[in-house]
Each structure stands twice: as C-alpha cells, then as structure tokens.
Engineer: 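Okay, handing you the structure first.
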There are 2 protein chains.
Amino acid sequence: MAKKVTTELKPIEDVLTVWDVLTPDERQFVKNNFTIHHFKKNEIIHCEGEVPTHMMVLAAGKVKVYKEGVGSRTQIIRMLKPGENFGYRAIIASQTYNTNVAAFEASTVYMLKADIFLSILRNNNAFCYRFLEEIAADLGASDARTVNLTQKHIRGRLAEALLLLSKNYGLEEDGATINIYLSREDLANLSNMTTSNAIRTLSNFVNEHIIAMDGRKLKIIDEDRLIKISKMG
Amino acid sequence: MAKKVTTELKPIEDVLTVWDVLTPDERQFVKNNFTIHHFKKNEIIHCEGEVPTHMMVLAAGKVKVYKEGVGSRTQIIRMLKPGENFGYRAIIASQTYNTNVAAFEASTVYMLKADIFLSILRNNNAFCYRFLEEIAADLGASDARTVNLTQKHIRGRLAEALLLLSKNYGLEEDGATINIYLSREDLANLSNMTTSNAIRTLSNFVNEHIIAMDGRKLKIIDEDRLIKISKMG
DNA sequence: CTAAATTTGTGCTTTAAAACATTGTTGTCA
DNA sequence: TGACAACAATGTTTTAAAGCACAAATTTAG
C-alpha cells in the first residue's frame with residue numbers, strides 16, 4: 001500500500017453534514033462540547049447491548065456496522081465513510097445499541113454527548129427533520145438489503161457487495177480498483193456467505209474476466225456483467 | 001370464524017397515536033383533510049415503485065408490508081395492526097415506495113395528503129420527533145430481522161415468526177391461539193421459506209407438541225420451547 | 001530476519017432447503 | 001349439490017451452499 005500521508009483532520013463544521021441547519025448558538029455549543037477519538041485498525045468503537053452515550057460522526061477512516069448472529073456468525077449491516085453519522089439510532093429509540101461498530105482502518109470519530117444531541121433534536125426542527133430523512137433512507141436500504149441477502153444466490157450477493165463497495169468508497173485513480181482494503185472474511189460477512197465461498201466466487205469472477213484481483217485489491221473489469229449478476233439473483 | 005360484529009370505526013383522534021402532540025389548529029386541519037378508505041381482503045393498498053401521495057394509518061384490520069424479490073418470491077417485511085402508521089417513509093426520504101402493502105383481511109385506512117403531513121412535520125417539532133422515534137425503532141427491528149432471516153435455520157425462522165405473530169396480534173380468549181388467520185404461503189413469506197417447508201415444519205412442531213393446528217388457527221402449546229428453537233437458530 | 005500466526009486458495013463431503021410430484025382436503029359458487 | 005379451484009400435506013429428488021481438511025502464501029511479531 002502507498003505510504004499514508006498525514007492529512008490534517010477536517011474540522012467539525014466540514015464533517016457534520018447537518019451543520020448548516022444549526023443556529024449560531026448551537027454551533028458554538030457543539031464546538032465546545034464535541035470530543036475527538038482515534039481508533040486503530042480493527043478497534044471496536046461500540047458494542048451491541050451497550051447503553052448509547054454519544055452521537056458519533058466519522059471524521060476520517062472507514063468503519064463497519066455489524067451484528068453477531070447465530071453461532072457468532074457476523075453480518076456486516078453497513079459500512080461508513082467520513083461524514084456519516086452513527087450511534088444515534090439507539091439514543092433516539094431509547095434502546096441499547098443493537099449493532100457493533102469497528103474500524104476497518106485507523107479512523108477518527110467526533111462524538112457529541114447524547115443529552116446535547118437530544119436537546120438540539122428537540123429544539124431545532126430542521127435538525128430533527130434532517131435526521132428523520134437520513135434514517136428514513138437507511139430504513140429503505142435495510143429492507144432492500146434483507147431481501148437481497150435472503151433471496152439472491154451467492155454470485156448475486158457477492159456481485160452486489162462489490163458494487164456497493166465501489167459506490168460507497170469509490171475507485172482509485174485507475175478508475176477500476178475499489179478503494180477499500182478488505183479481508184475475504186469481511187467480504188463474506190458483508191455478502192452473507194462463508195469465507196471459502198467468498199474466495200471461491202471471487203476466483204470464478206476472475207476466471208470469467210468480470211473482476212481482477214491483486215491480493216486484497218479488487219478491480220472491476222466488467223461492471224455491466226456484475227450488475228447483471230447482481231440483478232439475476 | 002365467529003360472525004363479525006360491525007364495530008363502529010374509531011375516530012382519528014383515537015387511531016392516530018401522535019394526536020397528543022398536535023396543536024388545536026393542526027388537529028382541526030387533520031380532521032378536515034384526512035380521508036377514509038376501505039380495502040377488501042387481499043386488496044393492494046400501494047405498490048413498490050409508486051410515488052407516495054399519503055401518509056397512512058391503519059384504522060381497522062390487518063395489513064402486510066412486503067417486497068417482491070428475485071423470481072417474484074415474496075418477503076413479508078412487517079405486519080401492521082390498527083394504530084400503526086405506514087406509507088410515510090417514502091415521503092420523508094423523497095423516494096418512491098420500496099414496498100407493497102396489502103390487506104390480510106378487510107381493513108380501513110385513514111390517509112393524510114403528503115403535503116399536509118410534511119407541513120406538520122416541518123412546523124411541529126414534537127410531531128417530527130415522534131416519527132423519528134418510530135422510524136428509529138423500525139430500523140433496529142429491520143436490521144435484527146435481516147440477521148434472523150439470513151442466519152437461522154428453518155425451524156428457528158418459523159418459531160420466530162410464530163412468536164412475532166402472537167406478540168403483534170395477541171392471543172384469543174383461550175390464551176394460546178394466535179389471533180390471525182394466515183395462509184401457509186403467507187407464513188412462509190414471513191419466514192423466508194417455501195410453502196412446502198412451512199407446512200412440513202409446522203407439522204413437525206405439532207408432532208413435537210410445541211403447537212397445535214386447527215386449519216389456519218395456530219395454538220402455541222409450549223412457548224418456552226418455541227423461544228428456545230427461535231434462539232438456537 | 002526468521003518463526004509463528006493469520007489469511008488465502010482449493011478440493012472433497014455433507015447437509016439444509018428448494019424444487020418437484022402427487023394426493024388429499026376444504027371451500028366456493030354456478 | 002356437484003365440480004372446480006385453491007390450499008394443505010407429504011414423499012422424493014436435486015442442488016446450492018456450508019463444513020471440513022489441508023497446502024500455499026502473506027502478514028505480523030519477536
């Protein structure tokens with residue numbers, strides 16, 4: 001991998017997508033109260049069952065939201081990129097976390113205490129509505145995902161995962177390599193299959209010239225084909 | 001089935017759970033503008049892909065929210081009882097419907113035009129927050145369901161569906177019979193399995209004295225066992 | 001830099017669930 | 001009331017995917 005350049009961290013007003021609807025007072029309030037946390041690769045940010053204490057925003061890095069299911073099988077629910085919010089659903093629903101979140105790579109998270117977050121939600125209608133919009137989109141995606149994961153066959157699920165990754169994290173300069181460094185196991189956990197099958201199916205895709213592999217770097221060669229496979233099931 | 005008594009319909013202030021946070025003006029506004037719609041058994045209320053026009057509340061009856069997946073296989077996402085809201089997620093997310101909704105039995109729906117719903121959402125913060133809470137709970141349930149449907153085995157999924165039905169629609173006077181009249185196919189679509197397997201697994205449960213069947217009426221005999229099966233996967 | 005540990009890649013076996021086929025049952029309505 | 005359609009039940013076959021075992025490659029750590 002290329003040597004990582006130490007990019008200075010974006011300030012909260014650039015990371016928090018709902019910044020624009022905050023009042024000057026609220027902006028100051030947030031600025032005075034948010035905290036910055038760094039997580040190493042594979043470090044866990046929060047666990048299922050814990051009481052939520054903060055609304056969080058990913059400032060830098062990549063994290064996975066996942067659930068441990070039957071027999072400690074893991075299902076990745078979604079993957080976040082900088083600027084995305086997390087950890088707030090449980091606060092709003094007055095529940096404990098129902099997912100785990102862990103860093104894929106070294107990540108920085110801005111955290112705002114739950115009570116502060118709630119007080120803004122309850123006082124600023126535009127702020128509240130933004131989160132409503134966000135969570136409404138998430139719910140649609142979650143329901144769609146349920147059907148995709150339950151009904152599609154292995155090839156369809158893997159194709160879907162690859163497309164999702166390229167859409168979410170984008171491509172490198174070559175315009176083909178997916179901009180994320182994932183283990184086969186994570187890819188399997190994302191696609192609801194065993195690691196063996198993820199590896200096997202990736203190999204098949206390579207043989208069929210749909211993708212190319214260089215270790216963990218995956219290059220999409222024939223996106224149309226991938227879309228077709230994903231749609232067929 | 002017992003002859004249905006023609007119960008007069010509950011008024012909107014009793015059906016709409018968010019009524020309490022409306023201002024007097026908003027209450028009048030809603031009263032003047034909502035419409036009442038009756039749907040026959042199996043009638044479709046809205047379809048995937050359509051532009052959402054109304055926020056809806058189930059006033060009476062039972063409806064299913066479902067998605068048509070690969071090869072027109074159906075997955076029931078959730079089932080609603082009177083007092084539950086639906087059809088509003090797509091409005092908020094500015095999307096078309098991503099689910100179908102159909103009546104299980106003769107049902108009555110109160111509808112409020114999308115623009116009216118949105119205007120209240122944008123003016124009444126408590127109203128907005130209530131929907132945020134509701135959708136936050138739904139998202140948690142959806143993610144949990146994804147894992148249950150993908151990771152549990154047939155017996156676990158069916159056990160889970162039976163428990164969910166009894167929790168959602170309650171039991172009849174005998175304290176055991178689940179208060180809903182479902183075809184085997186619907187039960188299969190709820191549990192992500194084929195109709196044959198739903199029938200087979202139900203039979204097994206009967207043989208193991210976990211449930212009893214009388215046609216479509218299902219009676220839970222050994223709930224602890226059912227819970228155990230559901231948890232084991 | 002080497003040794004250990006983890007990850008990746010493949011072949012083979014087993015198994016859960018789908019698909020299919022057939023028969024029995026119930027229910028509806030002409 | 002009888003005939004047809006829809007639904008339910010059950011046995012058999014097929015298949016997709018999991019499980020397992022092991023070798024090779026890569027990463028990590030001492």
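Source: prediction; values computed, not measured. Naming: A, B, ... by sequence-line order, numbering from 1 per chain.
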Engineer: Please check if atom CD in E185(B) has more than 12 non-hydrogen atoms from other residues, nucleotides or ligands closer than 6.0 Å.
Structural biologist: no
Engineer: Does T194(A) place a side-chain N or O at less than 4.0 Å from the phosphate oxygens OP1/OP2 of dA18(D)?
Structural biologist: yes
Engineer: Looking just at side-chain N and O atoms, do N100(A) and K67(A) make a donor-acceptor pair shorter than 3.5 Å?
Structural biologist: no
Engineer: Round to the nearest Å and state the distance from I199(B) atom CD1 to dA21(C) atom P.
Structural biologist: 17 Å
Engineer: Round to a whole Å and report the spacing from CZ of R73(A) to C1' of dA18(D).
Structural biologist: 9 Å
Engineer: Map S183(B) and H153(A) onto DNA chain D by nearest heavy atom, then report which one ends up closer to the 5' terminus.
Structural biologist: S183(B)
Engineer: Take the protein atom NZ of K41(A) and the nucleotide atom P of dA29(D), then report the distance between them rounded to whole Å.
Structural biologist: 11 Å
Engineer: Scan S203(B) against the nucleic acid and name what it touches under 4.0 Å (heavy atoms): base, sugar-phosphate only, or nothing.
Structural biologist: sugar-phosphate
Engineer: From dC12(C), dA18(C), dA19(C), pick the nucleotide closest to the side chain of R200(A)?
Structural biologist: dC12(C)
Engineer: Looking at Y181(A), I'd like to know whether one of its side-chain N or O atoms comes within less than 4.0 Å of OP1 or OP2 on dT7(C).
Structural biologist: no
Engineer: In whole angstroms, how far is the P atom of dG27(C) from the CZ atom of R184(B)?
Structural biologist: 12 Å
Engineer: Would you find a donor on one side and an acceptor on the other, under 3.5 Å apart, between the side chain of Q75(A) and the backbone of N189(A)?
Structural biologist: yes
Engineer: In this structure, how many angstroms lie between the P atom of dC20(C) and the CG atom of N197(B), rounded?
Structural biologist: 14 Å
Engineer: What is the distance, to the nearest angstrom, from the NZ atom on K152(A) to the P atom on dA17(D)?
Structural biologist: 13 Å
Engineer: Using a 6.0 Å distance limit plus a 45 degree cone around the ring axis, check whether K62(B) lies over the aromatic ring of Y169(B).
Structural biologist: yes
Engineer: With heavy atoms under 4.0 Å as the rule, sort R216(A) into base, sugar-phosphate or nothing.
Structural biologist: sugar-phosphate
Engineer: Heavy atoms only, 4.0 Å cut-off, all strands: where does I154(A) land among base, sugar-phosphate and nothing?
Structural biologist: sugar-phosphate
Engineer: Between atom CG in L202(A) and atom P in dT8(C), what is the gap in whole Å?
Structural biologist: 10 Å
Engineer: Ring-plane angle category for Y97(A) and H46(A), please: parallel below 30°, perpendicular beyond 60°, tilted otherwise.
Structural biologist: parallel
Engineer: Rounded off to whole Å, could you give me the CG-to-P distance for the L218(A) and dG9(C) pair?
Structural biologist: 10 Å
